[in-house]
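Written below as structure tokens is the structure these notes are about.
When reading the values below, keep in mind they use all heavy atoms of this one structure, side chains included, and skip hydrogens, waters and symmetry mates. Below, chains carry the letters A, B, ... as their sequence lines are ordered, and counting in each starts from 1.
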2 protein chains.
Amino acid sequence: MADVAEKAGVSRALVSIIFRNQPGASEETRQRVLRVADEIGYRPDSAARLLARGRSRTLGVMFTVHQTFHTDLIEGIYAEVERLGYEVLLSGATQGRSEQKAVEALLSHRCEAVILLGSFAEPSFLDELGRRTVAVSVSRRVPHAHVDFVHTAEGKGVRQAMDHLVELGHRRIVHIDGGTGPGSAERRRAYRAAMRRHGLESEARVIPGDHTERSGIETGRLFLAERDQGQPLPTAVLAGNDRSAMGLLMTLTRAGVEVPRDLSVVGYDDSHLSHLMPIGLTTVRQDAGLMAEYAVRFAVERLEKPELEPREAVLDPKLVVRGSSGPIPEPSA
Amino acid sequence: MADVAEKAGVSRALVSIIFRNQPGASEETRQRVLRVADEIGYRPDSAARLLARGRSRTLGVMFTVHQTFHTDLIEGIYAEVERLGYEVLLSGATQGRSEQKAVEALLSHRCEAVILLGSFAEPSFLDELGRRTVAVSVSRRVPHAHVDFVHTAEGKGVRQAMDHLVELGHRRIVHIDGGTGPGSAERRRAYRAAMRRHGLESEARVIPGDHTERSGIETGRLFLAERDQGQPLPTAVLAGNDRSAMGLLMTLTRAGVEVPRDLSVVGYDDSHLSHLMPIGLTTVRQDAGLMAEYAVRFAVERLEKPELEPREAVLDPKLVVRGSSGPIPEPSA
DNA sequence: GCGCTCTACTAGCGCGCTCTAGTACGAGTA
DNA sequence: TACTCGTACTAGAGCGCGCTAGTAGAGCGC
């Protein structure tokens, strides 16, 4: 910066003004300084910039690397953040890199707010985080924690899916659970309620799982083993999310079970891959773009008005019927 | 930091030493300072830290949000970077956020090196970037640019896939191209060479596309339209990558074409989703973990020995045969 | 001529940390 | 005793910016 200032024959302060696009420099000087900077290859150092101004205008986003729905959300976040003149820092959680670690990285990089996509963390962790900084939790709802929430009305989505299956004649409808995953408790509850409402309480069955393909695969294996022992397959499965549904589909299809003739499968999320399954996955759509928009807006608004209380946005999900669900198999089949 | 120092009754410098895990503080003081810091909720500010020490020890990673293979790479990158005591900053390219923009963000955050996953950028852009900083290009090979390369021997992979298909009796083998995507030129060339080698030159057909599901879908539609006009379907397709293969599979399967009975499909990458397709996708496996390891090591080694010339790592791909490829359909069928 | 305002610019402090060059002091050594 | 040496610590400069308070000079009305 000093080099640029000297070469352009102005003070460092003026260079600073110009690079911040602030008024206070003549058009002529502005052009000259920018030209010199370009020649030298100068680019403002955001570390120093961050340090000097109190604010970083940066939102941190914690996501799970393999969660395809998260990449849908990230796309939306980039778009909205740019609109509002902020920046984004991504930090991924993986097998060997915990959520806590990912969030720590964001905080130490001076993110003003943290957006957590589908967090699995303890409620106390979220609450503490929310008190220390502005935090938004997407998908994962933790009552009484000091964070904003953006999620879909899980109950509504599950209800639509269940009504759809019951209308098709299904009674033996199994739910693959999402474990401690975001939204799973609500989905599980809504599944149980729907079974009760349809008088299918005695048929209700929840299979433990998580939000990965693995739990779908394992459930598939379980079903096949049961079938080999003479038990009938369920006629429909409501998976905890799309990935779980895909795992199930794969396992069953490979074993010769035909979907939806022999069994219907419904997913959850409508991640961008779900409509790319060869048969098309019937699933509950969450609007990733809108969720991202809310998350960013909540964060930015709380940053600009710190006295604001955390809020909650509940979006409406929508069942998308594709090829993986169909009428109940013929009794004789 | 000053607060911590005061409350613990030591100088700021000593607090600094302790937080950098450096020798020069007694165990007793160390514990006391850490306890005080914890009480206050102090966490070293990496912006200031960055500014103060010359180095950031941070590698920037540019990736394409929806490219599933990239998430596989990222997982590997996090692991290797941690092992070497560096940090990672992710920056995603999306529809509305160009590669250039994503890279700019990384540079202004003081990344010492940039790892580009499957870049589409102009060779001149890469070369310039490589001269300004340490850059590693994964998958995309740009001869004579001043960057490290990590990629697989595309030719070998394609050859294996083609030999596999020819062995199964296929002759009308079509290639869906990856356009300007990383590796596509090499794959296209290898496809043509393989057709020639097998005496199938006259059957060679390359359909323009890119590395997304869309190009698979469009190719599927094209095939269906051709079939409706009386032309025969090809018997096998070598897709530009897994996503393209998945798009094709979806379109054809929905239209009643059975894979692999009516048509064989081979993908490329073996991204973590490809073995989750219900029928299992035959594909050319690239070892994401190993590629990530090389990329990080190249970057770090060049950072620590700046006189090092850029290098190239060519890994061996391996055909993974799953359910989407099979023998040529019966002539009468 | 004077004071006034407005534009275009500058001086220099401070953001929170790292790091070099030091000091103070007790233990060991000749 | 005088000296080194090692351990535990401190003072203070400086990293590259942003920002506040200020100046110099042009233009204006009276």
For B:Glu82, is there an ion pair with A:Lys101 - N to carboxylate O distance below 4.0 angstrom?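 Answer for the salt bridge query: yes.
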
Salt bridge or not between B:Arg83 and B:Glu293? Use side-chain N to carboxylate O under 4.0 Å.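 Salt bridge absent between B:Arg83 and B:Glu293.
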
Between [atom2] on [N] and [atom1] on [X], what's the gap in Å once rounded to a whole number?
{"X": "B:Leu14", "N": "D:dT10", "atom1": "CG", "atom2": "P", "value": "6 Å"}
{"X": "B:Gln22", "N": "C:dC19", "atom1": "CD", "atom2": "C1'", "value": "9 Å"}
{"X": "B:Glu6", "N": "C:dG16", "atom1": "CD", "atom2": "C1'", "value": "16 Å"}
{"X": "B:Arg53", "N": "D:dC15", "atom1": "CZ", "atom2": "P", "value": "17 Å"}
{"X": "A:Arg12", "N": "C:dG14", "atom1": "CZ", "atom2": "C1'", "value": "12 Å"}
{"X": "A:Glu27", "N": "C:dT7", "atom1": "CD", "atom2": "C1'", "value": "14 Å"}
{"X": "A:Gln31", "N": "C:dA8", "atom1": "CD", "atom2": "C1'", "value": "16 Å"}
{"X": "B:Phe19", "N": "C:dC19", "atom1": "CZ", "atom2": "P", "value": "16 Å"}

Quick check: on DNA chain D, is the nucleotide nearest B:Ala13 upstream (toward 5') of the one nearest B:Ala48, or the reverse? Name the residue that is more 5'. B:Ala13

B:Ala25 or B:Leu51, whichever maps to the more 5' nucleotide of DNA chain D: B:Ala25

Kindly say if [X] contacts the phosphate of [N], meaning a side-chain N or O under 4.0 Å from OP1 or OP2.
{"X": "A:Arg20", "N": "D:dC19", "result": "yes"}
{"X": "B:Thr29", "N": "D:dC9", "result": "yes"}
{"X": "A:Ser26", "N": "C:dT7", "result": "no"}

A quick test of your reading: do over 12 heavy atoms of other residues, nucleotides or ligands sit less than 6.0 Å from CD of A:Glu128? no

Within the 4.0 Å heavy-atom criterion, would you say [X] contacts the bases, only the backbone, or no part of the nucleic acid?
{"X": "A:Met1", "value": "sugar-phosphate"}
{"X": "B:Arg110", "value": "sugar-phosphate"}
{"X": "B:Pro44", "value": "sugar-phosphate"}

In chain order, what residues pass the ring pair (Phe, Tyr, Trp, His ring centres under 6.0 Å) check against B:Phe69, with sequence neighbours excluded? none

Return the nearest nucleotide to the side chain of [X]; candidates are [options].
{"X": "B:Ser11", "options": "D:dT10, C:dC17, C:dC15", "value": "D:dT10"}
{"X": "B:Asp45", "options": "D:dT10, C:dG16, D:dC17", "value": "C:dG16"}
{"X": "B:Arg49", "options": "C:dT10, C:dG14, C:dT18", "value": "C:dT18"}
{"X": "A:Ile17", "options": "D:dG14, C:dT10, C:dC15", "value": "C:dT10"}
{"X": "B:Ser16", "options": "C:dT10, D:dC9, C:dT18", "value": "C:dT18"}

For D:dG29, which nucleotide is its Watson-Crick or G-U wobble mate, given both distances must be under 3.5 Å?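 Check on D:dG29: paired to C:dC2, both distances under 3.5 Å.
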
With ring-ring contact (aromatic ring centres under 6.0 Å, His included) as the test, would you mind laying out the steps for B:Phe298 and B:Phe149 before giving the verdict? CA-CA 9 Å; B:Phe298 277 180; B:Phe149 289 118; 9.7 Å; no

Does a side chain donor of either B:Glu75 or A:His66 reach within less than 3.5 Å of an acceptor in the other side chain? yes

